[in-house]
Amino acid sequence: MTFFHYIHRDTVLHRMDGRFKLLCMLLLSLSASFASQLQHYLVLLFVVTLALLIAKLPFKALLKDLKFFGILILIVFVVNAFNIPGDPIPNFPITSISLQGVITGLRFAARLTIIIIVCAVLTGTTPLMTLRNVIEWYLRPLPFVPEVRIATMINLTFMLIPLIFDNFAEMMKAQKARCVELRKNPIKRINFIVFPLLNQTLRRVDEIAYAMEARCYSEVRTRAVFKSNKIDWLLLAICLSVFLFVIL
Amino acid sequence: MALLETQDLTHIFPDGTVAIQNINLKFNEGEFVVIAGANGSGKTVFARHLNGLLKPTKGKVLIDGEPITKNIVETRKKVGLVFQDPDSQIVGQTVAEDVAFGPENLNLPVDQVEAVVKESLEAVGLSRLSTRSPHTLSGGEKRRLAIAGILAMRPKIIILDEPFTGLDYPGVVQVLKQIIQLHKTGHTILLITHELEKILAHADRLVILHKGKLVEDGKPEDVIYRSENYGVRMPLRDGEKVAALTWLK
C-alpha cells in the first residue's frame, strides 16, 4: 500500500515548508469542493497530477491503490445518479437514472478523486512528525485549544491508516489462500475481516501507547523550527490562483 | 546499593490472572543479565514494570534506592525499554524523526535534539539511513533503530524484550554485536529471551521465570543445566561450555 505512506525523495515538494504545503493542499481541496464547471475540474486534475509527478511518487502504485477508494467513489456516483431527479438519458435502458444525476455523480466522484490525490501528495511528501508540528503551529494561537494533544491525535490517526490498510491487505491474502472467495455470504466474509482487523488494530494502538509512554511522551515538547523560501511563496501563489479561478 | 531492584513485585490482571508473583531481584551497574522463561512466564510484564509502564498489584521497583514512582520521567530516561515488536515502537516516518521522538518529549532544544539523534544513529550504524522510512528497513535494522530511539534518551539500563524474534542470521548477528557494544560502553543490559544459544556466553547472570515466579538466579554455568525444567531449551551439547553459546564467531 503506497497511499498515505511518506516516501522520501529529494524534490521541491519534499523540501517545501510544511506550513505552506498544508495551506496549498487545503486550498486545492477547497477548490475541488467549490468546483462547478468542467474547466475547473480539468485545471485541478492537471495541477494535482503535476504535483504527483513533481513529487516523484510512484504513479502506477498509487493508481493501483486507488482501487481501495474506487468502491467509495462508485457508491457516490451511483447514489447521485439514481437520486437526483431530472431528464432520462436518451436511449439508455435504465430510466431511473437521470442525466442531471449522472453529471452530479461525476462531479462528486471527480471532487473525491482530486481530494484523495491531494492527500496522497501531502502524506507522501511530508513526514508525519512535520505534519504534526505544522498542525500544532497553526493551532497554537487559538485560545483554549490543546494544540499538542490535537496534533498528536492527528499524527497517530495518519500513522494508523496505512497500517490498517496494510493489515487489511495481508488478511485478505491470508484468507484468499484459504479460499475465502468460495464463501458466498458477504456478511460472513465481512465478519471474517472486520473483527480480526479491529482486534489487531486495537492491540497495535495499545502497544503504540505503551511505546510512547516508555519514551516519556509529554505535551511539553521541543518546538519545531520552520523556514520558508521564495519557492514556497511561489507555490502558494499558484494554489491561491487556482482557488480564485474556481470560486470567481 | 543495587541500581535497579524489585521487592515482592506482583502483578495480577483484572481477570484474576497472576502474571508475576513476589519477584525479588537486584540488578547492579554494568551487569549483563539474561532473563529467560517459557511463553507466558511473565517476562514482558516484568520488563514493563521496570520502566514504570505497569503499576504493580503488590510490591515495588526501586531505582538507585528510590521508588520509580517518585519521578517516573527520570525512571524512563534511565531505564530504556526496547519492545519485542519494533514496529510498535516506531512512531516516526523517517529514521531520524523516530529517534528524535524521545528527546523532543524531554523538551530539549532543537540543536541538542539534532546532536543526540546524530550521535545515537552513529552508535547503531544507521546514519546513512536517517532519511529512510523505518518500515522499509530490514528486521535487524529496525531493532537497531529501536535501540537508537532508546539511546537518544541516554539510559543507564537497557531492557531488550526478545530482541532476536523474527530475525534471520545476519539480523541476529547485527543486533548481537550492538548489544555487546552497548554493554562495553557501560550500559547495564537486561535481555529477555528464551533463545539462550544466541547470547548466553556474553551474560554475567541468568535469571529464569516460570509461571510468574522467580525460579532461578545465578551464574549461567550453574543455572543452565536446569533450564529445561522450566520450558527453556538447554542448548549445550555434551562437553560444550557456556562460552560456546553465542552466534558471534
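In the text below, chain A, chain B and the rest are named by the order of the sequence lines, each starting its count at 1. Side chains are part of it too, since the values below use all heavy atoms of this structure and drop only hydrogens, waters and symmetry mates.
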Check each of A/Arg215, A/Arg221, A/Arg223 against B/Glu104 using the salt bridge (Lys or Arg N to Asp or Glu O under 4.0 Å) test, and report the only one that passes.
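Option passing the salt bridge (Lys or Arg N to Asp or Glu O under 4.0 Å) with B/Glu104: A/Arg221.
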Query - Flag, side chain of B/Arg76 to backbone of B/Asn51, donor-acceptor distance under 3.5 Å - result: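 Yes.
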I'd like to know if B/Lys77 pairs up with B/Glu74 as an ion pair, taking the criterion as any Lys NZ or Arg NE/NH1/NH2 lying under 4.0 Å from an Asp or Glu carboxylate oxygen.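 So B/Lys77 pairs with B/Glu74 through a salt bridge.
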* To do: Give a yes or no on whether a salt bridge exists between A/Arg140 and A/Glu136, defined as a side-chain N under 4.0 angstrom from a carboxylate O.
  =>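 Answer for the salt bridge query: yes.
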Given the ring of A/Phe192, does A/Arg189 sit roughly above its face, with NZ or CZ under 6.0 Å from the centre of the six-membered ring and within 45° of the axis?
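Ring-cation test returns no.
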> Is NZ or CZ of B/Arg48 both nearer than 6.0 Å to the six-membered ring centre of A/Tyr210 and within 45° of the ring axis?
Replying inline: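 B/Arg48 over A/Tyr210 ring: yes.
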Side chain, backbone, both or neither: which part of A/Thr130 has an atom under 4.5 Å from a heavy atom of chain B?
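When you check distances to chain B, atoms from both the backbone and side chain of A/Thr130 fall under 4.5 Å.
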From [X] atom [atom1] to [Y] atom [atom2], the distance as rounded to the nearest 0.5 Å:
X	Y	atom1	atom2	answer
B/Ile35	B/Leu50	CD1	CG	6.5 Å
A/Glu207	B/Gln89	CD	CD	10.0 Å
B/Lys58	B/Leu9	NZ	CG	10.0 Å

Examine whether an atom of [X] lies under 4.5 Å from a heavy atom of chain A, and if so say whether it belongs to the side chain, the backbone or both; otherwise answer neither.
X	result
B/Phe83	side chain
B/Val113	side chain
B/Ile90	backbone
B/Pro155	neither
B/Thr131	both

Between [options], the one whose heavy-atom pairs under 4.5 Å with chain A are most numerous:
options	value
B/Gly92, B/Gly149, B/Pro103	B/Gly149
B/Ile150, B/Leu106, B/Val110, B/Asp98	B/Asp98
B/Thr94, B/Thr136, B/Asn105	B/Asn105
B/Arg132, B/Met153, B/Glu97	B/Glu97
B/Ile72, B/Asp87, B/Leu81	B/Asp87

- Message: For chain B, which candidate among A/Ala209, A/Ser218, A/Cys216 shows the most heavy-atom pairs at distances under 4.5 Å?
- Response: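 So the answer, after comparing A/Ala209, A/Ser218, A/Cys216, is A/Cys216.
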Notebook entry, point to check: Relative to chain B, which of A/Ile208, A/Val225, A/Val220 shows the most heavy atom pairs under 4.5 Å?
Noted result: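 Maximum pair count with chain B is reached by A/Val220.
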